[in-house]
Amino acid sequence: MRYRPLGSDPVDPRLGRFVPDDWQHVERYPLTALPAEERPSSAPVVLGINWYSEFDHPEQDKTSGEYFIAKGGAKSLTTVRGGHCVCLEPGGAPDTDAWYAFYNQGHEGACVGFGWSRCMSIFNGDEYTARWLWDAAKKRDEWPETNPGDENGTSVRAAAQVLKELGHVLWNEAYANDDWHKRESYVPEVKQGIKAFRWAKTVEDVHAVLGNKRADELGAVPILNSWGPNYPHRTYLPDDVLARLIGEDGEIAVPTDR
């Protein structure tokens, strides 16, 4: 299925986040509609964005020791390669090395399932069946072209709705070689999902939710990618780049029931 900003299929099959056909979810349920005292803090955020070629090869900053993408800022961005979904790491309870190894989407367009599942692991401390969520979101989204068993992606919104309506499926080693036909028989648990979620609209909102002091110091947000050991565990995205991505049909999902 074509990625709308490109007008064609994503350049990389792993880039499976699609832009929703409407923005009612963001307009109706903004994070700022919640009183300040009810907004989450030190909590993960799920990001759906355009993925530029400059994001493919993180570079280590000599001063901070951290890895960055697009360190040259928003003006350095050139070519969109597709859409991607990643989890942003909050302060307080860092993502573990075990989850870094576990959440590897391979060559499939399953990034939405992996980004949201990584978020739920940070919340609950368990590992989740990311490809089941990918399948379920494709049944829930607005596009008849996306179905379990194909290589198409889905939207950040669709996966959030699945987590709210059905919950999630805890990982079991017995699932390791299952295909989508077998995943159809999995039974999600509502308690493994979310009860409510909102949508952030600004970089400032994102930093407030993350409550990540290191991110605040660096003026960047830490993404947790799902591309295995050849991509750093955490990679920082500069704030001005994030602002541009938000303005380019970016989605910032914030679970608000924790």
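Values in this document were obtained by computation on a predicted structure and should not be read as measured data.
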Which heavy atom of [X] sits nearest to which heavy atom of [Y], and what is that distance?
{"X": "W116", "Y": "P255", "value": "CZ3-CG, 3.7 Å"}
{"X": "G48", "Y": "V156", "value": "CA-CG2, 3.7 Å"}
{"X": "L77", "Y": "V241", "value": "CD1-CG1, 4.0 Å"}
{"X": "P58", "Y": "T235", "value": "CB-CG2, 3.8 Å"}
{"X": "D135", "Y": "G149", "value": "OD1-N, 4.2 Å"}
{"X": "V209", "Y": "P44", "value": "CG1-O, 4.5 Å"}

Side chains of [X] and [Y]: is there a donor and an acceptor less than 3.5 Å apart?
{"X": "D12", "Y": "H84", "answer": "no"}
{"X": "D56", "Y": "W51", "answer": "yes"}
{"X": "H25", "Y": "Q161", "answer": "no"}
{"X": "D21", "Y": "W143", "answer": "yes"}
{"X": "T78", "Y": "S53", "answer": "yes"}

Counting distance only, does the side-chain N/O of [X] pair as donor-acceptor with the main-chain N or O of [Y] below 3.5 Å?
{"X": "N104", "Y": "A101", "result": "no"}
{"X": "S226", "Y": "F114", "result": "no"}
{"X": "D240", "Y": "A74", "result": "yes"}
{"X": "D97", "Y": "Y100", "result": "no"}
{"X": "N124", "Y": "D126", "result": "no"}
{"X": "Q105", "Y": "R14", "result": "yes"}
{"X": "Q60", "Y": "G65", "result": "yes"}

Hits for ring pair (Phe, Tyr, Trp, His ring centres under 6.0 Å) against Y3, two or more places apart or cross-chain, chain-then-number order -> none

Applying ring pair (Phe, Tyr, Trp, His ring centres under 6.0 Å) to H207 and not counting sequence neighbours gives none

Sequence neighbours left out, what passes side chain to side chain contact (heavy atoms under 4.5 Å, CB included) with [X]? Give chain and number order.
{"X": "F102", "result": "E127, W171"}
{"X": "S121", "result": "W99, Y103, Y128"}
{"X": "S76", "result": "A70"}
{"X": "D61", "result": "T63, S64, F68, K71"}

Holding to salt bridge (Lys or Arg N to Asp or Glu O under 4.0 Å), I want the full list of residues that pass it with [X], two or more places apart in sequence or in another chain.
{"X": "D95", "value": "R118"}
{"X": "D22", "value": "R157"}
{"X": "E54", "value": "none"}
{"X": "K201", "value": "none"}

Salt bridge (charged side-chain N to carboxylate O under 4.0 Å, His left out) pairs touching residues 108-117, sequence neighbours excluded, are E108-R131

How are the rings of H168 and W132 set relative to one another: parallel (under 30°), tilted (30 to 60°) or perpendicular (over 60°)?
tilted

Heavy-atom side-chain proximity of [X] to [Y] below 4.5 angstrom:
{"X": "L224", "Y": "V86", "result": "no"}
{"X": "L245", "Y": "L237", "result": "yes"}
{"X": "L242", "Y": "L47", "result": "yes"}
{"X": "I223", "Y": "R234", "result": "no"}
{"X": "V112", "Y": "S155", "result": "no"}
{"X": "R244", "Y": "Y52", "result": "yes"}

According to a hydrophobic-cluster definition based on side-chain heavy atoms being under 4.5 Å apart (Ile, Leu, Val, Met, Phe, Trp, Tyr only), do Y236 and I49 belong together? no

Q.
Strictly below 4.0 Å, N to O, side chains only: are K139 and E184 in salt-bridge contact?
A. yes

Q. Under 4.0 Å between a Lys/Arg side-chain N and an Asp/Glu carboxylate O for R4 and D249?
A. no

Would you give me the side-chain donor-acceptor pairs under 3.5 Å for residues 27-36, sequence neighbours excluded?
from: R28; atom 1: NH2; to: Q24; atom 2: OE1; distance (Å): 3.3

One should read off an interatomic distance between S42 OG and I122 CD1, to the nearest 0.5 angstrom, of 11.5 Å

SG (C87) and CE (M120) are apart, to the nearest 0.5 Å, by 10.5 Å

